[in-house]
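Beneath this line is the structure, given in C-alpha coordinates, with notes to follow.
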Protein chains: 2
Amino acid sequence: MQILRMKIRPLTQQRRLLLDTIREVGRHLDAKELYRRANEKDERISLATVYRNLRLFRDQGIIEERHLRRGCCCYEMKRSGEHQHLVCLSCGRVIEFKSPLIHKLVTEVQRKNRFLVARVDLCMEGYCHECKEERK
Amino acid sequence: MQILRMKIRPLTQQRRLLLDTIREVGRHLDAKELYRRANEKDERISLATVYRNLRLFRDQGIIEERHLRRGCCCYEMKRSGEHQHLVCLSCGRVIEFKSPLIHKLVTEVQRKNRFLVARVDLCMEGYCHECKEERK
DNA sequence: ATAGGTGCAAATGGTTTGCGAAAAC
DNA sequence: GTTTTCGCAAACCATTTGCACCTAT
(Lines give C-alpha, C1' and ligand atoms only; values in the text may rest on other atoms or scores of the structure.)
Protein backbone atom coordinates (compact mmCIF):
# COMPACT_ATOMS: atom_id res chain seq x y z
CA MET A 1 0.00 0.00 0.00
CA GLN A 2 2.82 2.35 0.90
CA ILE A 3 4.36 1.78 -2.50
CA LEU A 4 1.10 2.54 -4.27
CA ARG A 5 0.56 5.77 -2.44
CA MET A 6 3.98 7.04 -3.45
CA LYS A 7 2.61 7.52 -6.95
CA ILE A 8 -0.18 9.78 -5.79
CA ARG A 9 1.06 13.24 -4.96
CA PRO A 10 -0.14 15.32 -3.37
CA LEU A 11 -1.82 12.78 -1.15
CA THR A 12 -4.85 14.75 -0.11
CA GLN A 13 -7.38 13.68 2.49
CA GLN A 14 -9.84 12.93 -0.26
CA ARG A 15 -7.45 10.65 -2.10
CA ARG A 16 -6.57 8.83 1.08
CA LEU A 17 -10.27 8.38 1.81
CA LEU A 18 -11.02 7.11 -1.68
CA LEU A 19 -8.11 4.64 -1.74
CA ASP A 20 -9.05 3.33 1.70
CA THR A 21 -12.67 2.91 0.66
CA ILE A 22 -11.84 1.09 -2.54
CA ARG A 23 -9.48 -1.25 -0.73
CA GLU A 24 -11.93 -1.79 2.12
CA VAL A 25 -14.86 -2.70 -0.09
CA GLY A 26 -12.63 -5.03 -2.04
CA ARG A 27 -15.04 -5.56 -4.87
CA HIS A 28 -16.27 -3.74 -7.92
CA LEU A 29 -17.47 -0.23 -7.36
CA ASP A 30 -18.83 2.28 -9.76
CA ALA A 31 -18.30 6.00 -9.23
CA LYS A 32 -21.67 6.53 -7.62
CA GLU A 33 -21.29 3.79 -5.07
CA LEU A 34 -17.77 4.88 -4.21
CA TYR A 35 -19.10 8.39 -3.72
CA ARG A 36 -21.90 7.13 -1.50
CA ARG A 37 -19.54 5.14 0.70
CA ALA A 38 -16.85 7.79 0.90
CA ASN A 39 -19.49 10.40 1.61
CA GLU A 40 -20.73 8.39 4.60
CA LYS A 41 -17.31 8.80 6.18
CA ASP A 42 -16.69 12.39 5.16
CA GLU A 43 -19.57 14.50 3.97
CA ARG A 44 -17.36 17.10 2.36
CA ILE A 45 -16.22 14.97 -0.58
CA SER A 46 -17.82 15.67 -3.94
CA LEU A 47 -18.73 13.44 -6.87
CA ALA A 48 -16.45 15.44 -9.16
CA THR A 49 -13.49 14.57 -6.96
CA VAL A 50 -14.44 10.91 -7.13
CA TYR A 51 -14.41 11.00 -10.93
CA ARG A 52 -11.21 13.00 -11.14
CA ASN A 53 -9.36 10.64 -8.84
CA LEU A 54 -10.73 7.46 -10.35
CA ARG A 55 -9.20 8.64 -13.57
CA LEU A 56 -5.94 9.50 -11.85
CA PHE A 57 -5.73 6.13 -10.07
CA ARG A 58 -6.49 4.36 -13.31
CA ASP A 59 -3.81 6.25 -15.22
CA GLN A 60 -1.32 5.50 -12.46
CA GLY A 61 -2.13 1.81 -12.67
CA ILE A 62 -3.46 1.60 -9.12
CA ILE A 63 -6.95 0.50 -10.03
CA GLU A 64 -8.46 -1.32 -12.97
CA GLU A 65 -11.41 -0.19 -14.99
CA ARG A 66 -13.97 -2.73 -16.15
CA HIS A 67 -17.07 -2.54 -18.26
CA LEU A 68 -19.35 -4.88 -16.39
CA ARG A 69 -22.62 -3.10 -16.97
CA ARG A 70 -24.03 -1.08 -19.78
CA GLY A 71 -23.54 2.63 -19.39
CA CYS A 72 -21.09 2.65 -16.52
CA CYS A 73 -17.63 1.60 -15.50
CA CYS A 74 -16.62 -0.35 -12.44
CA TYR A 75 -13.30 -0.09 -10.67
CA GLU A 76 -11.26 -2.34 -8.42
CA MET A 77 -7.79 -2.40 -6.93
CA LYS A 78 -5.24 -3.81 -9.31
CA ARG A 79 -4.00 -7.14 -8.07
CA SER A 80 -1.21 -9.38 -9.22
CA GLY A 81 -3.30 -12.29 -10.53
CA GLU A 82 -5.06 -11.66 -13.79
CA HIS A 83 -8.72 -12.47 -13.43
CA GLN A 84 -11.91 -11.98 -15.35
CA HIS A 85 -15.61 -11.71 -14.58
CA LEU A 86 -18.93 -13.47 -14.86
CA VAL A 87 -22.05 -11.35 -14.52
CA CYS A 88 -25.39 -12.95 -13.66
CA LEU A 89 -28.16 -11.54 -15.82
CA SER A 90 -30.73 -12.45 -13.21
CA CYS A 91 -29.35 -11.32 -9.83
CA GLY A 92 -26.56 -9.04 -11.02
CA ARG A 93 -23.92 -10.81 -8.98
CA VAL A 94 -20.34 -10.53 -10.22
CA ILE A 95 -18.15 -13.61 -9.92
CA GLU A 96 -14.41 -13.58 -10.50
CA PHE A 97 -12.63 -16.40 -12.23
CA LYS A 98 -9.16 -17.27 -13.41
CA SER A 99 -7.96 -19.69 -16.01
CA PRO A 100 -4.62 -20.53 -17.54
CA LEU A 101 -6.47 -20.57 -20.86
CA ILE A 102 -6.61 -16.79 -20.79
CA HIS A 103 -2.85 -16.54 -20.82
CA LYS A 104 -2.72 -19.11 -23.61
CA LEU A 105 -5.25 -17.07 -25.56
CA VAL A 106 -3.19 -13.90 -25.19
CA THR A 107 -0.06 -15.67 -26.38
CA GLU A 108 -1.91 -17.09 -29.36
CA VAL A 109 -3.40 -13.71 -30.32
CA GLN A 110 -0.05 -11.97 -30.08
CA ARG A 111 1.56 -14.53 -32.36
CA LYS A 112 -1.22 -15.02 -34.89
CA ASN A 113 -2.34 -11.41 -35.17
CA ARG A 114 1.03 -9.78 -34.54
CA PHE A 115 -0.80 -7.70 -31.95
CA LEU A 116 0.76 -6.55 -28.68
CA VAL A 117 -1.82 -7.12 -25.96
CA ALA A 118 -1.84 -4.55 -23.16
CA ARG A 119 -5.14 -5.31 -21.47
CA VAL A 120 -7.70 -8.09 -21.50
CA ASP A 121 -11.31 -7.30 -20.74
CA LEU A 122 -13.31 -10.51 -20.68
CA CYS A 123 -16.81 -10.60 -19.34
CA MET A 124 -19.22 -13.48 -19.69
CA GLU A 125 -22.90 -12.89 -19.06
CA GLY A 126 -25.25 -15.66 -18.10
CA TYR A 127 -26.84 -17.28 -15.06
CA CYS A 128 -25.20 -18.22 -11.80
CA HIS A 129 -25.90 -21.55 -10.16
CA GLU A 130 -28.64 -20.25 -7.86
CA CYS A 131 -30.52 -18.38 -10.57
CA LYS A 132 -30.15 -21.26 -12.99
CA GLU A 133 -31.86 -23.56 -10.50
CA GLU A 134 -34.66 -21.09 -9.91
CA ARG A 135 -35.41 -20.81 -13.58
CA LYS A 136 -36.18 -24.51 -13.85
CA MET B 1 -31.90 -11.97 -44.73
CA GLN B 2 -35.52 -12.81 -45.49
CA ILE B 3 -35.66 -14.96 -42.40
CA LEU B 4 -34.27 -12.20 -40.22
CA ARG B 5 -36.76 -9.69 -41.45
CA MET B 6 -39.64 -11.95 -40.52
CA LYS B 7 -38.93 -11.15 -36.89
CA ILE B 8 -39.25 -7.44 -37.44
CA ARG B 9 -42.84 -6.37 -37.82
CA PRO B 10 -44.01 -3.98 -38.95
CA LEU B 11 -41.13 -3.69 -41.38
CA THR B 12 -41.10 0.07 -41.83
CA GLN B 13 -38.98 1.97 -44.32
CA GLN B 14 -36.73 3.10 -41.50
CA ARG B 15 -36.12 -0.42 -40.26
CA ARG B 16 -35.37 -1.63 -43.76
CA LEU B 17 -32.93 1.25 -44.22
CA LEU B 18 -31.20 0.56 -40.91
CA LEU B 19 -30.85 -3.17 -41.51
CA ASP B 20 -29.50 -2.56 -45.01
CA THR B 21 -27.01 -0.03 -43.75
CA ILE B 22 -25.74 -2.23 -40.94
CA ARG B 23 -25.32 -5.16 -43.33
CA GLU B 24 -23.72 -3.01 -45.99
CA VAL B 25 -21.12 -1.47 -43.70
CA GLY B 26 -20.32 -4.90 -42.34
CA ARG B 27 -18.27 -3.67 -39.44
CA HIS B 28 -18.83 -2.14 -36.04
CA LEU B 29 -21.05 0.87 -35.92
CA ASP B 30 -22.14 2.98 -33.05
CA ALA B 31 -25.53 4.68 -33.03
CA LYS B 32 -24.20 8.01 -34.23
CA GLU B 33 -22.35 6.59 -37.20
CA LEU B 34 -25.31 4.44 -38.18
CA TYR B 35 -27.46 7.55 -38.00
CA ARG B 36 -25.00 9.49 -40.13
CA ARG B 37 -24.89 6.81 -42.82
CA ALA B 38 -28.62 6.13 -42.83
CA ASN B 39 -29.30 9.84 -42.90
CA GLU B 40 -27.19 10.23 -46.04
CA LYS B 41 -29.61 7.92 -47.83
CA ASP B 42 -32.82 9.25 -46.30
CA GLU B 43 -32.81 12.57 -44.55
CA ARG B 44 -36.05 11.92 -42.77
CA ILE B 45 -34.72 9.34 -40.31
CA SER B 46 -34.13 10.50 -36.75
CA LEU B 47 -31.56 9.55 -34.15
CA ALA B 48 -34.29 8.43 -31.76
CA THR B 49 -35.45 5.88 -34.33
CA VAL B 50 -31.90 4.58 -34.66
CA TYR B 51 -31.67 4.02 -30.92
CA ARG B 52 -35.13 2.47 -30.67
CA ASN B 53 -34.43 0.04 -33.46
CA LEU B 54 -30.93 -0.87 -32.36
CA ARG B 55 -32.51 -1.99 -29.14
CA LEU B 56 -35.21 -3.90 -30.97
CA PHE B 57 -32.74 -5.65 -33.27
CA ARG B 58 -30.58 -6.55 -30.32
CA ASP B 59 -33.50 -7.99 -28.37
CA GLN B 60 -34.54 -9.99 -31.44
CA GLY B 61 -31.04 -11.41 -31.75
CA ILE B 62 -30.40 -9.84 -35.15
CA ILE B 63 -27.43 -7.76 -34.12
CA GLU B 64 -24.83 -8.02 -31.39
CA GLU B 65 -23.91 -5.31 -28.98
CA ARG B 66 -20.27 -4.81 -28.01
CA HIS B 67 -18.49 -2.51 -25.64
CA LEU B 68 -15.44 -1.61 -27.67
CA ARG B 69 -15.03 1.97 -26.54
CA ARG B 70 -15.65 3.78 -23.32
CA GLY B 71 -18.98 5.49 -23.16
CA CYS B 72 -20.67 3.98 -26.15
CA CYS B 73 -21.82 0.70 -27.64
CA CYS B 74 -21.03 -0.72 -31.04
CA TYR B 75 -23.28 -3.00 -33.03
CA GLU B 76 -22.78 -5.55 -35.79
CA MET B 77 -24.85 -8.17 -37.57
CA LYS B 78 -24.95 -11.44 -35.69
CA ARG B 79 -23.03 -14.11 -37.55
CA SER B 80 -22.71 -17.79 -37.01
CA GLY B 81 -19.05 -17.92 -35.99
CA GLU B 82 -18.25 -16.65 -32.53
CA HIS B 83 -15.53 -14.05 -32.72
CA GLN B 84 -13.94 -11.47 -30.48
CA HIS B 85 -12.09 -8.19 -30.89
CA LEU B 86 -8.72 -6.51 -30.63
CA VAL B 87 -8.70 -2.73 -30.35
CA CYS B 88 -5.55 -0.78 -31.16
CA LEU B 89 -4.92 1.93 -28.58
CA SER B 90 -2.93 3.93 -31.08
CA CYS B 91 -4.90 3.97 -34.34
CA GLY B 92 -8.27 2.78 -33.05
CA ARG B 93 -8.51 -0.03 -35.55
CA VAL B 94 -10.71 -2.99 -34.59
CA ILE B 95 -9.46 -6.44 -35.55
CA GLU B 96 -11.59 -9.56 -35.29
CA PHE B 97 -10.16 -12.86 -34.20
CA LYS B 98 -11.36 -16.36 -33.46
CA SER B 99 -9.85 -19.11 -31.41
CA PRO B 100 -10.97 -22.56 -30.30
CA LEU B 101 -9.58 -21.59 -26.89
CA ILE B 102 -12.60 -19.36 -26.35
CA HIS B 103 -14.96 -22.28 -26.58
CA LYS B 104 -12.71 -24.28 -24.27
CA LEU B 105 -12.75 -21.39 -21.81
CA VAL B 106 -16.54 -21.24 -21.83
CA THR B 107 -16.78 -24.96 -21.21
CA GLU B 108 -14.32 -24.72 -18.35
CA VAL B 109 -16.14 -21.79 -16.73
CA GLN B 110 -19.49 -23.50 -16.98
CA ARG B 111 -18.15 -26.59 -15.27
CA LYS B 112 -15.94 -25.01 -12.62
CA ASN B 113 -18.21 -22.12 -11.66
CA ARG B 114 -21.53 -23.86 -12.32
CA PHE B 115 -22.40 -20.79 -14.39
CA LEU B 116 -24.51 -20.90 -17.55
CA VAL B 117 -22.78 -18.69 -20.10
CA ALA B 118 -25.09 -16.80 -22.44
CA ARG B 119 -22.73 -14.28 -23.95
CA VAL B 120 -18.99 -13.73 -24.18
CA ASP B 121 -17.64 -10.23 -24.49
CA LEU B 122 -13.89 -10.38 -24.89
CA CYS B 123 -11.91 -7.37 -25.94
CA MET B 124 -8.15 -7.05 -25.85
CA GLU B 125 -6.58 -3.63 -26.06
CA GLY B 126 -3.04 -3.11 -27.26
CA TYR B 127 -1.06 -2.22 -30.36
CA CYS B 128 -1.51 -3.55 -33.85
CA HIS B 129 1.46 -4.58 -35.93
CA GLU B 130 1.78 -1.26 -37.76
CA CYS B 131 1.56 0.89 -34.64
CA LYS B 132 3.90 -1.42 -32.75
CA GLU B 133 6.55 -0.90 -35.44
CA GLU B 134 6.09 2.86 -35.37
CA ARG B 135 6.58 3.05 -31.64
CA LYS B 136 10.06 1.54 -31.87
C1' DA C 1 -59.44 0.80 -38.87
C1' DT C 2 -56.05 0.21 -35.59
C1' DA C 3 -51.91 -1.03 -33.32
C1' DG C 4 -47.62 0.46 -33.33
C1' DG C 5 -43.71 3.29 -35.17
C1' DT C 6 -41.83 7.89 -36.11
C1' DG C 7 -39.94 12.74 -35.51
C1' DC C 8 -39.19 16.24 -32.52
C1' DA C 9 -37.70 18.24 -28.49
C1' DA C 10 -37.16 17.75 -23.83
C1' DA C 11 -35.52 14.71 -20.05
C1' DT C 12 -32.23 11.54 -18.10
C1' DG C 13 -27.97 9.58 -16.28
C1' DG C 14 -23.12 9.10 -16.29
C1' DT C 15 -19.08 11.86 -16.67
C1' DT C 16 -16.29 16.16 -17.40
C1' DT C 17 -14.97 20.97 -16.77
C1' DG C 18 -14.40 26.19 -15.48
C1' DC C 19 -13.68 28.80 -11.68
C1' DG C 20 -12.76 30.89 -7.21
C1' DA C 21 -11.54 29.02 -2.57
C1' DA C 22 -8.57 25.83 0.01
C1' DA C 23 -4.91 22.54 0.83
C1' DA C 24 -0.35 20.17 -0.01
C1' DC C 25 4.32 20.72 -0.69
C1' DG D 1 4.55 31.09 -1.60
C1' DT D 2 3.54 28.42 -5.44
C1' DT D 3 1.31 24.73 -7.54
C1' DT D 4 -2.28 21.63 -7.54
C1' DT D 5 -6.69 19.98 -5.91
C1' DC D 6 -11.41 20.63 -4.31
C1' DG D 7 -16.41 21.77 -4.29
C1' DC D 8 -19.92 23.60 -6.76
C1' DA D 9 -22.72 24.22 -10.56
C1' DA D 10 -23.04 24.19 -15.24
C1' DA D 11 -21.80 21.70 -19.42
C1' DC D 12 -21.45 17.59 -22.08
C1' DC D 13 -22.55 13.37 -24.49
C1' DA D 14 -24.91 9.08 -25.22
C1' DT D 15 -29.33 7.39 -24.68
C1' DT D 16 -34.35 7.42 -23.50
C1' DT D 17 -39.03 9.14 -23.45
C1' DG D 18 -43.71 11.85 -23.93
C1' DC D 19 -46.58 13.24 -27.26
C1' DA D 20 -48.99 14.34 -31.57
C1' DC D 21 -48.82 12.57 -36.08
C1' DC D 22 -48.15 8.98 -39.55
C1' DT D 23 -47.76 4.08 -41.64
C1' DA D 24 -47.85 -0.92 -42.23
C1' DT D 25 -50.84 -4.45 -41.81
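So you know, we letter chains A, B, ... as the sequences are listed, proteins then strands, and number each from 1.
When the nucleotides C:dG14, D:dT15, D:dA9 are ranked by their closest atom to the side chain of A:Cys72, C:dG14 comes out on top. Considering only the side chain of B:Thr12, D:dA24 comes nearest among D:dA24, D:dT5, D:dA9.
Listed for the A:Asn113 side chain is no donor-acceptor partner under 3.5 Å among the backbone atoms of A:Phe115.
If A:Arg15 and B:Cys73 are placed on DNA chain D by their nearest nucleotide, the residue sitting closer to the 5' end is A:Arg15. Heavy-atom nearest nucleotides on DNA chain D were determined for B:Arg55 and for B:Pro10, and the one closer to the 5' end corresponds to B:Arg55.
Here A:Glu82 does not pair with A:Arg119 in a salt bridge; the nearest charged N to carboxylate O distance is not below 4.0 Å. The pair B:Glu24-B:Lys41 meets the salt-bridge criterion, since a charged nitrogen lies less than 4.0 angstrom from a carboxylate oxygen. A salt bridge is absent between B:Arg79 and B:Glu64: the closest approach of a Lys/Arg side-chain nitrogen to an acidic carboxylate oxygen does not fall below 4.0 angstrom.
If you measure from atom CZ of B:Arg69 to atom P of D:dT15, you get 10 Å, rounded to the nearest angstrom. For the pair A:Arg44 CZ and D:dC8 P, the interatomic distance rounds to 11 Å; values are reported in whole Å. Between B:Glu33 atom CD and D:dA14 atom C1' the separation is 15 Å, expressed in whole Å. Between B:Asn53 atom CG and D:dA24 atom C1' the separation is 14 Å, expressed in whole Å. Taking atom CD of residue A:Glu43 and atom P of nucleotide D:dC6, one finds them 18 Å apart after rounding to whole Å. We find that CG of B:Asn39 is positioned 15 Å from P of C:dT6, with the value rounded to whole Å. Here C:dT15 presents its C1' atom at 8 Å from CG of A:Leu47, a figure rounded to the nearest Å. The distance from atom CG of B:Leu29 to atom P of D:dT15 is 13 Å, rounded to the nearest whole Å.
Taking side-chain N and O atoms only, B:Tyr51 has no distance below 4.0 Å to OP1 or OP2 of D:dT16. Taking side-chain N and O atoms only, A:Lys32 has a distance below 4.0 Å to OP1 or OP2 of C:dG14. Remark: B:Gln14 is in phosphate contact with C:dG7, judged by side-chain N or O atoms under 4.0 Å from OP1 or OP2. B:Ser46 has no side-chain polar atom (N or O) that falls below the 4.0 Å cut-off from OP1 or OP2 of C:dC8.
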> Under the side-chain hydrogen bond (donor to acceptor under 3.5 Å, both in side chains) criterion, do A:Arg66 and A:Gln84 qualify, and how do the steps go?
Replying inline: CA-CA 10 Å; A:Arg66 303 286 192 153; A:Gln84 303 298 334; 2.9 Å; yes
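Side-chain to base pairing of A:Arg52 with D:dG7: one donor and one acceptor N or O lie within less than 3.5 Å of each other.
Using a 4.0 Å heavy-atom cutoff across all strands shown, B:Asp30 reaches no nucleic acid atom at all.
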